[in-house]
Amino acid sequence: MFNKRIKIKDVIGLDQELNDITVMGWVRTFRNNQFIALNDGSTNTNLQVVAELGLFEDTLLKRITTSAAIKVTGKLVKSLGKGQNIELKAVSIDILGDSDPEQYPLQPKKHSLEFLREIAHLRFRTNTFGSVFRIRHSLAFAVHKFFHERGFLYLHTPIITASDAEGAGEMFRVSTLPLDNPPKDANGNIDFKEDFFGKATNLTVSGQLEGELGATAFGEIYTFGPTFRAENSNTARHLAEFWMIEPEMAFHDLEDNMNLAEDFIKYIIRFAIEHNLEDLTFLDQRLSDEEKLLPTDKRSEMSLLEKLNFVVDNDFERITYTEAIDILLNSSAYKKKKFQYDVKWGIDMQSEHERYLVEKHFKKPVIVTNYPKEIKAFYMRQNDDGKTVAAMDILAPGIGEIVGGSQREERLPLLTQRMAEMNIPEEELWWYLDTRKYGTVPHAGFGLGFERMVLFVTGMTNIRDVIAFPRTPKSAEF
RNA sequence: UCCUUAGUAGCUCAGUUGGUUAGAGCAUCUGACUGUUAAUCAGAGGGUCACUGGUUCGAGUCCAGUCUGAGGAGCCA
């Protein structure tokens with residue numbers, strides 16, 4: 001029954017008249033008891049199906065309601081009306097699934113993103129979310145394509161981990177022990193020897209440490225998987241469950257790392273522009289309609305597509321942390337005391353500082369390197385100045401930190417010295433330290449937050465709208 | 001977690017100083033119309049005013065607490 005189906009995306013591309021075309025999809029609107037706007041998710045464009053007056057029973061027409069699933073066979077013809085080039089003159093219409101219009105929550109009108117978030121199971125059926133998730137798919141595909149073309153090996157790092165020394169935030173405990181009455185040891189603490197893995201385990205906050213194990217055998221690897229942070233973060237940029245891409249490369253230094261990250265970001269944006277122009281154009285239009293409601297000074301200087309093309313066509317700005325602090329100290333914002341937080345060498349830059357650099361000063365993505373070692377992780381390579389480490393963060397306009405990475409400390413004595421200073425027990429990471437004992441090499445890597453990348457490319461502003469089923473504090477519906 | 005702010009019909013919102021029976025547009029239903037683009041026109045139905053408690057003759061409106069959303073901050077990707 002279904003093998004004759006043609007996707008609407010392919011039907012729209014046909015420019016000759018054809019008999020016996022079969023499409024299936026969900027009704028978006030039914031106008032004038034005659035015109036069905038049909039969508040099957042393959043494209044943002046609806047196919048206009050024409051049910052000629054008198055050809056169909058009233059009982060059938062009554063069942064063509066918003067979001068009903070239908071099968072239509074008919075003749076593809078040039079459209080008589082404006083607004084579309086072709087339309088499908090229906091010969092037969094079958095209802096595959098009814099949709100009760102009294103109950104169905106989506107209407108053929110504009111809905112708020114907040115409302116759609118409450119019905120995330122149905123929001124894919126809107127233009128906006130259709131476009132967002134088709135673009136998300138393309139970006140995910142482009143990630144694999146980019147790394148595969150460059151000879152990187154896709155390594156699946158574990159989701160359950162016993163290491164709590166990664167230092168990347170609060171973790172979700174994984175346990176099969178009874179919550180109400182867990183076994184206790186002699187000191188009265190929970191006895192994880194009794195637990196499923198015989199030790200305390202959590203959901204991963206990063207695949208990096210395992211990634212380094214792969215890089216020091218395969219040369220270049222990447223991971224792309226879910227990541228979990230149990231932080232009580234309530235912002236438009238944070239999720240408790242998100243997807244992260246983490247390449248690790250042997251024989252790479254900080255500059256190689258930056259070059260790769262910049263090439264990578266440009267590659268996947270270019271891929272989306274090439275493959276999702278229709279969806280990007282829709283979101284571009286949506287965004288500019290939204291911005292018309294804002295006062296002039298709050299509007300973006302560039303449209304979404306202009307911004308994406310600008311990023312692809314221009315070099316990212318590269319500055320050191322020390323230079324960044326100097327720029328801030330010499331800024332009029334600092335001199336006029338516009339910053340809420342003070343600026344001096346050694347601070348962990350606040351959002352307002354990063355936004356000033358990216359959105360006001362350079363107006364393009366900025367790579368900041370060589371941060372003070374005190375504010376960065378133990379595994380970052382120590383520079384010769386004794387004060388900084390070979391770290392790099394990429395800051396994107398409107399998003400903030402989109403990439404965090406570094407050259408890794410490959411020298412065992414320096415690495416263990418930093419671990420001791422930061423109270424990280426060596427015995428928990430013996431396997432990690434082994435890479436520095438057996439053929440250690442200079443290597444580097446970074447992590448890119450996939451949803452933040454999708455935010456940037458789609459122009460959406462809340463991270464909960466670019467992941468299908470967002471997990472955030474007090475929210476795990478669907 | 002902190003600050004700010006909001007919660008009234010399916011959706012978006014109005015609701016005056018505390019005062020009779022709670023309002024609009026859209027959606028839905030019924031009818032008309034029939035080449036429409038969120039169709040149009042006429043009519044109808046639709047409410048635990050987030051929840052709990054309090055003040056008052058009387059609370060959508062005032063007070064306290066709770067829950068949830070949004071904007072900003074922190075943490076970070």
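As the structure is a computational prediction, the values presented were derived from the model and not from experiment. Every heavy atom of this structure was used, including side-chain atoms; hydrogens, water molecules and symmetry mates were not. In what follows, chains carry the letters A, B, and so on, assigned in the order in which the sequence lines appear, proteins first and then strands, with residues in each chain numbered from 1.
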Quiz prompt | OP1 or OP2 of B/G74 under 4.0 Å from side-chain N/O of A/S351 | solution = yes
Quiz prompt | Side-chain N,O (A/S112) to OP1/OP2 (B/U12) below 4.0 Å | solution = yes
Exercise. Sticking with atom C1', work out how far B/U28 lies from B/A38, rounded to a whole angstrom.
Key: 15 Å
Quiz item: In the structure shown, which nucleotide is the Watson-Crick or G-U wobble counterpart of B/C2, with both distances under 3.5 Å?
Solution: B/G72
Quiz item: Quick one: is A/R31 getting a side-chain N or O under 4.0 Å of the B/U36 phosphate, OP1 or OP2?
Solution: no
Quiz item: Which is true for A/Q84 with a 4.0 Å heavy-atom rule: it touches a base, it touches only sugar-phosphate, or it touches nothing?
Solution: base
Practice problem: Check the angle between the aromatic planes of A/Y321 and A/Y371 and answer parallel, tilted or perpendicular using the 30° and 60° thresholds. | Solution: tilted
Practice problem: Could you check A/K474 against A/G404 and say which one's nearest nucleotide on RNA chain B is further toward the 5' end? | Solution: A/K474
Practice problem: Find the distance A/R464:CZ to B/U68:P and express it as a whole number of Å. | Solution: 12 Å
Quiz prompt | Atom P, compared across B/G7 and B/C63: separation rounded to whole Å | solution = 14 Å
Exercise. Examine the side chains of A/N383 and A/T388 and answer whether a donor and an acceptor come within less than 3.5 Å of each other.
Key: yes
Practice problem: Sticking with atom C1', work out how far B/A9 lies from B/A22, rounded to a whole angstrom. | Solution: 10 Å
Quiz item: OP1 or OP2 of B/G74 less than 4.0 angstrom from a side-chain nitrogen or oxygen of A/Q350, does that happen here?
Solution: yes
Quiz item: Checking only heavy atoms, does the side chain of A/S233 share a donor-acceptor pair with the base of B/C76 at less than 3.5 Å?
Solution: no
Quiz item: Does B/A27 have OP1 or OP2 sitting under 4.0 Å from an N or O in the side chain of A/T66?
Solution: no
Quiz prompt | Whole-Å gap separating P (B/C29) and NZ (A/K62) | solution = 8 Å
Quiz item: Expressed in whole Å, how much space separates the P atoms belonging to B/A14 and B/A50?
Solution: 14 Å
Quiz item: Given the P atoms of B/G72 and B/G45, what is the spacing between them in whole Å?
Solution: 43 Å
Exercise. Return the orientation label for the A/F264 and A/F446 ring planes: parallel under 30°, perpendicular over 60°, tilted otherwise.
Key: tilted
Practice problem: Send over the distance from A/M349 CE to B/A73 C1', rounded to a whole Å. | Solution: 17 Å
Practice problem: Would you mind telling me which of B/G10, B/C75, B/U36 lies closest to the side-chain atoms of A/K109? | Solution: B/G10
Quiz item: Are the side chain of A/E409 and the backbone of A/Q382 linked by a donor-acceptor contact shorter than 3.5 Å?
Solution: yes
Quiz item: Of all the nucleotides listed (B/C11, B/G69, B/A38), which has the minimum atom distance to the side chain of A/T29?
Solution: B/A38
Quiz item: Can a donor-acceptor pair be found between the side chains of A/Q107 and A/T66 at a distance below 3.5 Å?
Solution: no
Quiz prompt | Minimum-distance nucleotide (side-chain atoms of A/V50 versus B/G74, B/C76, B/G35) | solution = B/G35
Quiz item: Distance between the C1' atoms of B/A27 and B/U40, in whole angstroms?
Solution: 16 Å
Quiz item: Hey, does A/E477 reach any base, or is it just sugar-phosphate, or nothing, if we go heavy atoms under 4.0 Å?
Solution: nothing
Exercise. Taking atom P in both B/A32 and B/A70, compute the distance separating them and give it to the nearest angstrom.
Key: 45 Å
Practice problem: Both distances under 3.5 Å, Watson-Crick or G-U wobble: report the partner of B/C67, or none. | Solution: B/G7
Practice problem: Starting from P on B/C11, measure out to CZ on A/R117 and report it in whole angstrom. | Solution: 16 Å
Quiz item: Has the side chain of A/Q107 got a donor or acceptor atom sitting under 3.5 Å from an opposite partner on the base of B/U28?
Solution: no
Quiz prompt | Nucleotide forming a Watson-Crick or wobble pair with B/G35, both distances under 3.5 Å | solution = none
Quiz item: What is the distance from CZ of A/F115 to C1' of B/A6, rounded to the nearest Å?
Solution: 17 Å
Quiz item: So what does A/S79 hit on the nucleic acid, given a heavy-atom distance under 4.0 Å: a base, only sugar-phosphate, or nothing?
Solution: base
Exercise. Using Watson-Crick or G-U wobble geometry with both distances below 3.5 Å, tell me the partner of B/C29, or none.
Key: B/G43
Quiz item: Can you find an N or O donor on one side and an acceptor on the other, under 3.5 Å apart, linking the side chain of A/N33 with the base of B/U36?
Solution: no
Quiz item: Do the side-chain N or O atoms of A/N462 get closer than 4.0 angstrom to the phosphate oxygens (OP1, OP2) of B/G71?
Solution: yes
Quiz item: What does A/L239 touch in the nucleic acid at a heavy-atom separation under 4.0 angstrom: a base, only the sugar-phosphate, or nothing?
Solution: base
Quiz item: If you measure from the C1' atom in B/C51 to the same atom in B/A6, how many Å do you get, rounded?
Solution: 16 Å
Exercise. May I ask which nucleotide in the shown strands pairs with B/U20, Watson-Crick or G-U wobble, both distances under 3.5 Å?
Key: none
Practice problem: Hey, which sits more toward the 5' end of RNA chain B by its nearest nucleotide, A/E114 or A/Q34? | Solution: A/Q34
Practice problem: Answer yes or no for this row: A/F242 ring on B/A77 base, centroids under 5.5 Å, planes under 30°. | Solution: yes
Quiz item: According to the Watson-Crick and G-U wobble definitions, with both distances under 3.5 Å, which nucleotide is paired to B/A77?
Solution: none
Practice problem: Starting from P on B/G72, measure out to NE2 on A/H238 and report it in whole angstrom. | Solution: 13 Å
Exercise. Just call it for A/I402: base, sugar-phosphate, or nothing, with non-hydrogen atoms closer than 4.0 Å on any strand.
Key: sugar-phosphate
Practice problem: Determine whether the aromatic ring centres of A/F450 and A/F242 lie less than 6.0 Å apart. | Solution: no
Exercise. Look at all strands and tell whether A/F456 reaches a base, only sugar-phosphate, or nothing, counting heavy atoms closer than 4.0 Å.
Key: nothing
Practice problem: Please work out which of the three classes, parallel, tilted or perpendicular, describes the rings of A/H353 and A/F339, given edges at 30° and 60°. | Solution: perpendicular
Exercise. Please confirm whether A/F124 and A/F129 have ring centers closer than 6.0 angstrom.
Key: no
Exercise. Could you state the atom-to-atom distance from CG of A/N32 to P of B/G31 in whole Å?
Key: 16 Å
Quiz item: Over how many whole Å does the gap from A/F228 atom CZ to B/C76 atom C1' extend?
Solution: 16 Å
Quiz item: Under 6.0 Å between ring centres, would you say that holds for A/H156 and A/Y154?
Solution: yes
